[in-house]
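Heads up: the structure comes next, in structure tokens.
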Amino acid sequence: MNMEFIMMPAVMWILVTGFYKIIELYARRRERMMIIEKFGDKFDPALFSGMSPDFLGPHRGKSFGALKFGCLLVSIGLGLLVGMLISSALTANGYDGNEWQNRHELSTTAYSASVLLFGGAGLLAAFLIEIKMRNKEKQQ
């Protein structure tokens, strides 16, 4: 199975995410330094009680990273399976070795579309599960 179609988006995702995280690191550091300079000796932890958990740091509250990653991997696997089934159905319906270029393009499109479709559906499912769990936590 040829996986060249996923290399370009994967490399771009890694580069963009890395660049974003570096910029975010410096922005948060600058913001925290400004707060420390502003308050100086008058620092009172009670002032930060109403701020969002993202401001207070990544370790506040529950993290759903494992849920998102798990749903994404399961859905990508399902997408690859569906892509394989579509590709084999195309082969069974008369796309043989004589039309290899057309079959290859259709097969690549089937794999790409199914992986992206099911990957997005997996992330959407993880998001809905996360919202449901947070609402249940708030009610208790």
Side-chain angles (χ1 to χ4, degrees):
M1 184 169 84
N2 194 352
M3 299 287 287
E4 292 176 9
F5 66 91
I6 203 158
M7 286 305 296
M8 182 61 111
V11 169
M12 287 302 296
W13 180 76
I14 290 169
L15 290 175
V16 168
T17 303
F19 181 72
Y20 173 77
K21 289 296 183 179
I22 289 172
I23 297 298
E24 182 184 29
L25 177 74
Y26 286 115
R28 283 187 180 220
R29 182 179 184 274
R30 189 177 327 129
E31 183 179 359
R32 288 178 181 150
M33 292 303 290
M34 286 173 42
I35 289 172
I36 290 170
E37 288 173 4
K38 182 178 179 181
F39 287 111
D41 295 332
K42 301 174 190 172
F43 181 73
D44 183 19
L47 294 173
F48 295 104
S49 63
M51 292 193 175
S52 69
D54 288 339
F55 179 77
L56 296 174
H59 303 293
R60 297 284 181 146
K62 289 186 178 179
S63 174
F64 292 96
L67 173 70
K68 291 176 190 174
F69 190 67
C71 284
L72 181 65
L73 287 181
V74 167
S75 60
I76 285 177
L78 187 61
L80 287 172
L81 179 66
V82 169
M84 183 195 68
L85 293 174
I86 292 171
S87 179
S88 59
L90 290 173
T91 303
N93 288 334
Y95 288 98
D96 57 2
N98 296 334
E99 298 176 359
W100 185 84
Q101 185 64 31
N102 289 337
R103 182 184 167 273
H104 179 71
E105 289 176 3
L106 289 173
S107 177
T108 302
T109 303
Y111 275 111
S112 303
S114 61
V115 165
L116 292 173
L117 179 69
F118 282 95
L123 288 175
L124 182 62
F127 175 72
L128 294 174
I129 291 169
E130 181 179 341
I131 287 176
K132 190 175 185 179
M133 290 175 73
R134 286 185 194 252
N135 287 341
K136 186 177 178 182
E137 185 179 289
K138 284 182 183 179
Q139 289 177 355
Q140 291 178 352

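All values derive from a computational prediction rather than experimental measurement.
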Are Tyr111 and Val74 connected in the hydrophobic side-chain network, where two residues link if heavy atoms are under 4.5 Å apart? no
If you compare all heavy atoms of Phe118 against all heavy atoms of Ser75, which two are closest, and at what distance to 0.1 Å? O-CB, 2.8 Å
Honestly curious: do Leu85 and Leu117 fall in one hydrophobic cluster under the side-chain, below-4.5 Å linking rule? no
Output the distance between atom CE (Met12) and atom OG1 (Thr17), rounded to the nearest 0.5 Å. 10.0 Å
Check for a donor-acceptor pair, side chain of Ser88 on one end and backbone N or O of Met84 on the other, with a separation under 3.5 Å. yes
Heavy atoms only: give me the nearest Ile76-Gly119 pair and the separation to one decimal. CG1-CA, 4.4 Å
Any idea which heavy atoms bring Ala126 and Leu67 closest together, and the distance? O-CD2, 3.7 Å
Checking Glu24 now: which residues fulfil salt bridge (charged side-chain N to carboxylate O under 4.0 Å, His left out) with it, not counting sequence neighbours? Lys21, Arg28
Quick check on the hydrophobic clustering: are Leu78 and Phe69 connected, directly or via other members, by side-chain heavy-atom contacts under 4.5 Å? no
Under 4.5 Å between side-chain heavy atoms, counting indirect links through other Ile/Leu/Val/Met/Phe/Trp/Tyr residues: same cluster for Ile129 and Phe64 or not? yes
So CD of Glu130 and CG of Asn135: to nearest 0.5 Å the spacing works out to 10.5 Å
Using the rule that two of Ile, Leu, Val, Met, Phe, Trp, Tyr join whenever any of their side-chain heavy atoms come within less than 4.5 Å, decide whether Leu116 and Leu72 are in one cluster. no
Rounded to the nearest 0.5 Å, the CZ atom of Arg32 sits from the CD1 atom of Ile35 at a distance of 8.5 Å
